[in-house]
2 protein chains.
Amino acid sequence: MRPTVHDIAAVAGVSLATVDRVLNQRPGVRGVTRQRVEEAIREIGYVRDVAAANLAKGRLYPLVFILPASDNSFMHGLHAEVRQAIGRASSERTDIRIIEVPAFVPAALVAALDSLAVGATAGVALVAIDAPEVRSAVDRLVAAGVPVVTLVSDLTGTSRHHYAGVDNIAAGRTAARLLGRFLGGLEGDVLTLAGSMLVRDHRERLEGFSALMAEEFPRLSLLPVLEGRDDPETANRLISDALSNNGRIIGIYSLGAGNRGLIKALKERGAQRELTVVAHELTEHTRAALKDGVIDAVLNQDAGHEVRSAIRVLKAHADGLGLIAAQERIRLDIFLKDNLP
Amino acid sequence: MRPTVHDIAAVAGVSLATVDRVLNQRPGVRGVTRQRVEEAIREIGYVRDVAAANLAKGRLYPLVFILPASDNSFMHGLHAEVRQAIGRASSERTDIRIIEVPAFVPAALVAALDSLAVGATAGVALVAIDAPEVRSAVDRLVAAGVPVVTLVSDLTGTSRHHYAGVDNIAAGRTAARLLGRFLGGLEGDVLTLAGSMLVRDHRERLEGFSALMAEEFPRLSLLPVLEGRDDPETANRLISDALSNNGRIIGIYSLGAGNRGLIKALKERGAQRELTVVAHELTEHTRAALKDGVIDAVLNQDAGHEVRSAIRVLKAHADGLGLIAAQERIRLDIFLKDNLP
DNA sequence: CTGTTAGCGCATTCAC
DNA sequence: GTGAATGCGCTAACAG
């Protein structure tokens, strides 16, 4: 049988209360006594039973998810995953609240972060915007002792504890290799469509894509990036115009959301053009386009995994526990029409 | 506050013991009383606190993993993941035992399955061999009330509760499309290397690969499958011979393990031949080969995920709980040299 | 058949 | 500073 607090108490020759004080680093124990208890703990190899502790404490984890109110399928999916997590709240001892903020507006994000009552929240997950004021707001929160996890888009150079999302530079490079190899030895122009260069994930994808393209596929030349604000309408217009004005385009990398608009534009061109297309995020739209052959590959991040991971990480951090690193790594999923889930 | 057994007892006007009997479907309760309790449960929306229940029971989950003693990196990795799970045993209330059996020997697997003391084991995970005697042994175990999960390779047509592994037909199709597209419009022969047609996963991969090749890449013709028994030496010899004897080979699909031998053969040929290669399972060998450009893509199943999933599923089944389906889906990972973990 | 009671491992009052 | 006692939600003897 695995040792308990009673065993510690017996070995150290103190009472349960004292053991507990030491375990939870609370004051009111003489240095010598503390030493004795800590030695006993090490000696018998005690490890705390978290489940029992949580039961006794009636512990709840009040978590906050700050999500952008973007009207695209990926963000809808992310919202849905958080709501599903809310549905599991009782069995996971979590109490999750969603704060919606306008997309791409740093001030709104800062306001949301600052609104959080420190002490009343055990952890925060946010889809970060890469702006200085957001950085400071995050740092303030962390300094106040609140665990913070970035979701989908990271915020480097801050003290956030963890990033639950894919490696976007690797994503860009992967997209470039797929596009380059799928195009064989062809020569022509490649179009890139982003949401906004304000968010780090999009910038990084573009960076990785451009770098590998330059290194390995010199016969393909990159057109200046288009910014569609992850909005289907805008994306549609931008792509349509570009295809009309440039007959040399043979490949497209859509690295943001709002692919509905892209797909519409591609379908309108129809069989006129043989294009190879790589897009991000598996949604009902990209899935259908993949099946139809309108899109050749979809790179994806599993929103459900990201949300579950963020929760695990925040909880673990809230009570100083360890994690299974491999379990928290968010993979870059590559979908062809053959391996759709 | 969420309702407890006390609330049920109060509403139903019975004692805790009776509530418990109903909750755990134990005898010794009159029909009417049972009804009354069940109604109270529904009325107040009670859900059992599993952690508290396990604490009170001192519950342990004695699980058994039956693994083949194959000498290849993938199986070594799988073993390692199970051992890591054993390291987490105390916090997960599991007691995991590994039974090693010779690879590809149905009788050994059957013996291992039959050796399991029913009642003393809360669940079994096994890398299945697709043979009739194995089927019956699994069915016997399930009939005796032991939850069974197949790992890596499935056993359809049995009553096993769950399969923790990838969709191997989809894997084969995906490999075919990658190879086909990477080869552009080239014409030539494609070689397939399997471990053994005895295991279902290899058969299915080949099936998916052949089907898609025939459908979409008629200019590539498939050579008869080679069986390397997942053994590096054998694989090396088979591949070397094939490459020497046939100059038309332009692509290779290695759908089993033992890739060390394949890679050695490829390196010996060196720059003499421009080959496009897709292999399975990310190991130190395939990873290095991917980086070197010897292999173009690696399809992988995350052994860690498979093991953790098998454990979650067995535990959930052992006490009749639900799962998060998406969390238990084992993805087909596609690795290019750019998105290696 | 049903109820009382004493834990599981830990945290937390409230005395001493 | 330290300890004894009580309870978290649930289960399992043991009585009745």
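Naming convention: chains lettered A, B, ... in sequence-line order (proteins, then strands); numbering from 1 in each chain.
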Below the 4.0 Å mark, does [N] have OP1 or OP2 next to a side-chain nitrogen or oxygen of [X]?
| X | N | value |
| --- | --- | --- |
| A:Arg59 | D:dC8 | no |
| A:Arg48 | C:dA11 | yes |
| A:Thr4 | C:dG9 | no |
| A:Thr18 | D:dG3 | yes |
| A:Thr33 | D:dT2 | yes |
| A:Arg30 | D:dT2 | yes |

base_contact_polar (C:dG3 base, B:Arg21 side chain, donor-acceptor, <3.5 Å):
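Flag set: donor-acceptor pair detected.
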
Please determine whether salt bridge (Lys or Arg N to Asp or Glu O under 4.0 Å) holds for the pair B:Asp302 and A:Arg329, giving the CA-CA distance in whole Å, both sets of side-chain angles, and the decisive distance to 0.1 Å.
CA-CA 12 Å; B:Asp302 185 331; A:Arg329 182 179 175 270; over 6 Å; no

Specify the separation, in whole Å, of atom [atom1] of [X] and atom [atom2] of [N].
| X | N | atom1 | atom2 | result |
| --- | --- | --- | --- | --- |
| A:Asp49 | D:dG9 | CG | P | 16 Å |
| A:Ile41 | C:dC10 | CD1 | C1' | 13 Å |
| A:Lys57 | C:dT13 | NZ | C1' | 16 Å |
| B:Arg2 | D:dC10 | CZ | P | 7 Å |
| A:Gln25 | C:dA11 | CD | P | 12 Å |
| B:Arg34 | C:dT2 | CZ | C1' | 13 Å |
| B:Arg26 | D:dC10 | CZ | C1' | 10 Å |
| B:Asn54 | C:dC8 | CG | C1' | 11 Å |

5′-ward residue of the pair B:Pro27/B:Arg93 relative to DNA chain C:
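So the residue in question is B:Pro27.
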
So [X], base contact, sugar-phosphate only, or nothing? Heavy-atom distance under 4.0 Å.
| X | answer |
| --- | --- |
| A:Asp20 | base |
| B:Gly28 | base |
| A:Asn24 | sugar-phosphate |
| A:Ala17 | base |
| B:Val19 | nothing |

Find out whether A:Arg160 and A:Leu126 are in side-chain contact, i.e. whether some heavy atom of one side chain is under 4.5 Å from a heavy atom of the other.
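No; the side chains remain at least 4.5 Å from each other.
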
How about B:Tyr61 and B:Ile96: do any of their side-chain heavy atoms sit closer than 4.5 Å?
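With C-beta onward as the side chain, the pair stays apart.
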
Report yes or no: do [X] and [Y] form a side-chain donor-acceptor pair below 3.5 Å?
| X | Y | result |
| --- | --- | --- |
| B:Glu100 | B:His79 | yes |
| A:Thr121 | A:Arg97 | no |
| B:Thr158 | B:Asp139 | no |

Would you indicate which nucleotide in [options] comes nearest to any side-chain atom of [X]?
| X | options | result |
| --- | --- | --- |
| B:Tyr46 | D:dC10, C:dA11, D:dG3 | D:dC10 |
| A:Leu23 | C:dT12, C:dA11, D:dC10 | C:dA11 |
| A:Val29 | D:dT2, C:dT12, C:dT2 | D:dT2 |

